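Read the structure below first, then the notes.
Below, chain A is the first sequence line, B the second, and so on; all start at residue 1. In this text the structure is predicted, and so the values were computed from the model without any measurement.
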Protein chains: 2
Amino acid sequence: MNKTENSDWPAGIKRTKQREQVFSILTKSDGPLSAMDICSLTQKDGNAVWLSTVYRILELFTQKALVVKTSMQQNDMAVYELNRHDHKHYAVCVGCNKIIPIENCPIERFIPEISDSGFHVLGHKMELFGYCRECDLKHR
Amino acid sequence: MNKTENSDWPAGIKRTKQREQVFSILTKSDGPLSAMDICSLTQKDGNAVWLSTVYRILELFTQKALVVKTSMQQNDMAVYELNRHDHKHYAVCVGCNKIIPIENCPIERFIPEISDSGFHVLGHKMELFGYCRECDLKHR
DNA sequence: TCCGTAGTTGCATATGATTCGCATTTGCAT
DNA sequence: ATGCAAATGCGAATCATATGCAACTACGGA
């Protein structure tokens, strides 16, 4: 909500106080946030944004490909983060649901063969699954 | 529920009529199914499996890495499919939510650098997102 | 600068997938 | 065959997300 953030405002999106708040929170966060997380953060800010409004804003941002929506394994809450180039991927343990970051990314150099040849790729999500060392030892 | 299916029964899972039905339905399906889809199919079978039981069975199968659980973009219903080697990936349009299959897979030859070096990879999920040709032309 | 209006938000309430509790039933080891 | 631990049927609870509507706000044109 200061000058700097205003100048970064993405094109094609009408500017409102609430959208600026949500955008600013996402910009400052270094990890993905749930809608509820974001709502709570606006409350600390002194100027609360109602939860359903947060959902509507996140839906808009997702459709504009400004934000990536992900729902991690077993977790019934979707999380959102800015569609950055500097991204991370995760391995999820199906035994204990532990989430472990992957350091490299196989998709950077990948040229997908998509049947819609006009498809304009804006990003990707990837997730490995399996057993973490601990669960694997319990040979489940 | 015939001999052939019985002989395929996965190790480490107690065999019940309901689990056999769910497993058989997943085996015969060539696409991912929701819990409700599976429940409906058991009803046509004449021997209905209650929805909450289907969920419990799918959770078990997922923890045994027999089944992959996925929740596609925007769709609030999780889908499940057998963890096959012959798998597919998808590109999702953030404009219209159209789902387009990808023909090749970047992860086959990928050696991930995971901080848990004991992680036992059993499968993966991948999804591209962007605009399909049609939505891209509308320059959204 | 002020006004009109289309688009947005606050708020309450609905929706619908998934989970949970418990009494009954079933698979399997002894 | 018998007993017991585990699984299921069924109902009801939970909880994230969507929706309806009246009040409000951003923003372009006069």
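- For C:dT26, the OP1/OP2 oxygens have no side-chain nitrogen or oxygen of B:Q18 closer than 4.0 Å.
- The minimum heavy-atom distance linking A:L122 with A:A65 is given by the pair CD1-CB, 3.3 Å.
- Put simply, CD on B:Q43 is 11 Å from P on D:dG9, counting in whole angstrom units.
- Heavy-atom distances to DNA chain D give each of A:S52 and B:V54 a nearest nucleotide, and the one nearer the 5′ end belongs to B:V54.
- One interatomic measurement links the two molecules: CD of A:Q21 to P of D:dA26, which rounds to 12 Å at whole-angstrom precision.
- Following rounding to the nearest Å, A:N47 (CG) and D:dT25 (P) show an atom-to-atom distance of 11 Å.
- For B:R19, counting side-chain heavy atoms from C-beta on, the closest listed nucleotide (D:dT17, C:dA17, D:dT8) is D:dT8.
- The 5' end of DNA chain C is approached more closely, in terms of each residue's nearest nucleotide, by B:A35 than by the other of B:K14 and B:A35.
- Here the nucleotide nearest the side chain of B:I57, chosen from C:dA12, D:dT17, D:dT8, is D:dT8.
- Between B:M36 atom CE and C:dT19 atom P the separation is 13 Å, expressed in whole Å.
- What separates CD1 of A:I38 from C1' of D:dT17 is a distance of 14 Å, to the nearest Å.
- For A:R56, the side-chain atoms get nearest to D:dT19 when compared with the rest of D:dA7, C:dC28, D:dT19.
- Of the candidates D:dC27, D:dT8, C:dA17, D:dC27 carries the atom nearest the A:R15 side chain, counting heavy atoms from C-beta on.
- Atom CD1 in A:I13 sits about 16 Å away from atom P in D:dA26, given to the nearest Å.
- Using cut-offs of 30° and 60° on the angle between ring planes, the pair B:W9 and B:F23 is perpendicular.
- Remark: the A:K44 side chain and the A:S40 side chain contain no N/O donor-acceptor pair separated by less than 3.5 Å.
- One can place CH2 of B:W50 at 15 Å from C1' of C:dC22, the figure rounded to the nearest angstrom.
- The CG-C1' distance, from B:L51 to D:dA13, rounds to 15 Å in whole Å.
- Taking the nucleotide of DNA chain C with the nearest heavy atom to each of B:T16 and A:L60, the more 5' of the two is matched to A:L60.
- For the OP1/OP2 pair of C:dT18 and a distance below 4.0 Å, the side-chain nitrogens and oxygens of B:Y55 include at least one atom meeting the criterion.
- Side-chain contact, B:D37 with B:S34: a donor N or O sits under 3.5 Å from an acceptor N or O.
- A tilted orientation is assigned to the rings of A:H120 and B:Y131, their planes being inclined by 30° to 60°.
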